[in-house]
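We number each residue from 1, following the sequence as shown. Computed from a predicted structure; not experimentally measured.
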Amino acid sequence: MKKICGIVLTIMLVVSAFPVASFAAIFQDVRPQHSAAAEIQYLVEKGIIIEKPSTTYRVNEPITRLEASGMIQRALNIPVGNRPDAKLSDVQTSHPHYALIAAMVDEGIFMGNEKKEFQPYGNLKRGQMAAVFVRAFDLAGTSTYRFRDVPATYWGLSDIQKLSVNAITTGYLDNTFKPNQTLTRGHFAVFLARILEPSFREQSACYKPNNTPVQTVNVPVTTLWKEPGKTRKVDAFSTAKTPDITKWVAAMSLREKQWLVGKLETQALYGQTVKVLQTKGDWVQVAVIDQSSPKNAEGYPGWMLKNHLTTLYPNYATCDTAMVTKKSAALSMDENGKQLFRSISFNTALPIVHVLDHKLAVQTPADGIKYIDKNAVKIVGGDGIMPKPTTQQIMNTAKLFDGLTYLWAGTSGFGLDCSGFTYSVYRHHGIDIPRDASVQALNGKLVQKKDLQPGDLMFFAYNKGKGIIHHVGMYAGNGQMIHAPNPKRTVEIIPMTVEPYNSEYVSARRYLK
């Protein structure tokens, strides 16, 4: 019988309809935006879910073993008549669903426990679900990977691994499977739909599970302070659960912007990895790994709010990434772009898990898959290597920020300081330079003023160029430079002869080889 069912399943996989992207809610508790809506709609159209439309599906309630049996029977069109006696201690032949239960036992899909109990109204657990699906659909495959909460001695380890190998599950974002947790009706529908229709499977080919945790920025932009807890009322936009740097800058007076000088260290973007150095109440001192600094070997250090971080397991580390090429871009909940999730900054890079017609499906640190316009990003290979840029490409990127507000310590498309500007432009082209102007001035290739080329960095110091370096700009050609000057002005292109820069010029460095 199972061989016949396998043939039926193969036919279903070939002729099944593709998921419907947009539809009206058919159940009161399953709106179109629900994470399982498309899969439930698919199973309704296949006649596998038979609850009446306009009622509730009870999507978040536990699924019983009997309910799961019915959906599997309808999915495989398993005959339920003329089955041997199931010989169950808790299900008599008079039971209204005895024929279905006997068919499940005869097919070897569901089994009684050591007490010969079927427990039809008992809740199905996730580990049990894995075993049931493997037996029902003859799933095969091997893996050495184990979810963090599935020990080597767990009875259903092999079944769970088969679900993973077949891209039926990737577990939870924290790399757990929760095998002893009760399965909801919604989750059961999602797993079943993925088995029947491969296009529902969200596991990317570049998915490589990795149980080594890393700390990752989980907000559009987080600001790193010199000391923890020294913020003002006006800084609430930057310290909110979801910071809004644009509103923060707009809310500050010139004096309030100037107050930030020396109080902030740097910023880090959504998805960037940090190293936690110490914790103090709601704050953590971290080092931003992608920003080199002599202040700390791990990266640029500073204090940020703990709730701006999340623990991520780098399962998508080998994927191509979508790097934002505009000052900001919209991440949407849906592939149609109608439901905004959040706005993210220039240079934000997120792993690509699916390529659609006009969108890319990207993996976020803690909120699953979201969507971004293809024309708002460039695709960077999984190895992180980018083609060598031309001076024109460097300048095109730099000029993108002409007129952008100045923000001390800023490294985002919402506001930049002088070295944050040069650092960000070069990073966009795969060239890592130090974060601070004083350190940028010590690296790269020394260039004479008469030999300047567009993209070269120019450095300026107090005391007419004899004091401490305090500023960096980028040569723009034709005797001009582009730079982020100070809180009074925005990113601008000016002649190099403008004071005080003309008399404070110290040196120039070339980072484009």
Side-chain angles (χ1 to χ4, degrees), residues 35-36 39 59-60 62-63 65 68 72 109-111 113 122-216 218 271 273 276 309-319 350-354 361-370 382:
S35 60
E39 290 88 344
V59 65
N60 294 320
I63 191 166
R65 293 164 62 85
I72 291 174
I109 296 173
F110 277 87
M111 300 177 185
N113 60 22
N123 297 330
L124 190 65
K125 295 181 179 180
R126 289 171 58 87
Q128 295 169 337
M129 172 269 298
V132 165
F133 279 145
V134 167
R135 294 193 293 260
F137 297 100
D138 293 321
L139 300 178
T142 59
S143 173
T144 58
Y145 174 74
R146 286 190 293 110
F147 290 104
R148 294 192 307 115
D149 60 343
V150 181
T153 55
Y154 182 71
W155 67 268
L157 171 61
S158 175
D159 297 317
I160 293 171
Q161 289 174 322
K162 287 181 175 66
L163 288 194
S164 178
V165 165
N166 286 279
I168 308 304
T169 184
T170 56
Y172 289 87
L173 287 175
D174 63 354
N175 280 13
T176 61
F177 184 76
K178 298 179 174 51
N180 297 316
Q181 181 172 291
T182 298
L183 187 70
T184 67
R185 289 168 55 84
H187 284 168
F188 185 86
V190 168
F191 287 124
L192 182 56
R194 287 176 183 172
I195 291 173
L196 299 176
E197 174 47 63
S199 64
F200 281 118
R201 301 176 189 182
E202 295 183 344
Q203 181 170 306
S204 173
C206 62
Y207 176 85
K208 299 289 186 293
N210 184 337
N211 284 343
T212 304
V214 294
Q215 296 300 309
T216 306
N218 194 37
T273 300
V276 175
L309 284 181
T310 189
T311 300
L312 178 149
Y313 291 85
N315 303 325
Y316 299 91
T318 63
C319 295
L350 298 172
I352 300 169
V353 292
H354 293 297
V362 294
Q363 186 71 30
T364 63
D367 293 285
I369 292 175
K370 298 295 180 285

4.5 Å side-chain heavy-atom contact, [X] and [Y]:
X: Thr169; Y: Phe191; result: yes
X: Val132; Y: Ile72; result: yes
X: Leu183; Y: Asn123; result: no
X: Asp149; Y: Tyr154; result: no

Indicate the atoms forming the closest heavy-atom contact of [X] with [Y], along with that distance.
X: Asp367; Y: Leu173; value: N-CD1, 4.1 Å
X: Ala131; Y: Trp155; value: CB-CZ3, 3.8 Å
X: Asn211; Y: Arg146; value: ND2-O, 3.2 Å
X: Phe177; Y: Gly127; value: CE2-N, 4.1 Å
X: Arg65; Y: Met111; value: NH2-O, 3.2 Å

Who are the side chain to side chain contact (heavy atoms under 4.5 Å, CB included) partners of [X], not counting sequence neighbours?
X: Lys208; value: Thr318
X: Thr311; value: Pro213, Gln215, Tyr313
X: Pro314; value: Asn210, Val214, Leu312, Ala317
X: Val353; value: Ser204, Tyr316, Ala361, Gln363, Ile369

For the atom pair [atom1] ([X]) and [atom2] ([Y]), what is the distance rounded to the nearest 0.5 Å?
X: Thr170; Y: Tyr207; atom1: OG1; atom2: OH; answer: 5.0 Å
X: Arg126; Y: Gln181; atom1: CZ; atom2: CD; answer: 6.5 Å
X: Ile168; Y: Ile195; atom1: CD1; atom2: CD1; answer: 5.0 Å
X: Asn166; Y: Arg194; atom1: CG; atom2: CZ; answer: 12.5 Å
X: Thr216; Y: Leu309; atom1: OG1; atom2: CG; answer: 8.0 Å
X: His187; Y: Leu192; atom1: NE2; atom2: CG; answer: 14.0 Å

**Study point:** Selection residues 171-207 - residue pairs positive for disulfide (SG to SG under 2.5 Å), sequence neighbours left out
**Key:**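 Those involving residues 171-207 are Cys206-Cys319.
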Practice item. May I ask you to check whether over 12 heavy atoms, not counting those of Lys178, lie within 6.0 Å of atom NZ? Key: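 It does: Lys178 NZ has more than 12 such atoms within range.
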If you look only at distance, which donor and acceptor atoms sit under 3.5 Å apart when one is on a side chain in residues 157-164 and the other is two or more places apart or in another chain?
residue : atom : partner : partner atom : Å
Ser158  : OG   : Lys162  : NZ           : 2.8
Gln161  : NE2  : Ser143  : O            : 3.1
Gln161  : NE2  : Tyr145  : O            : 3.0

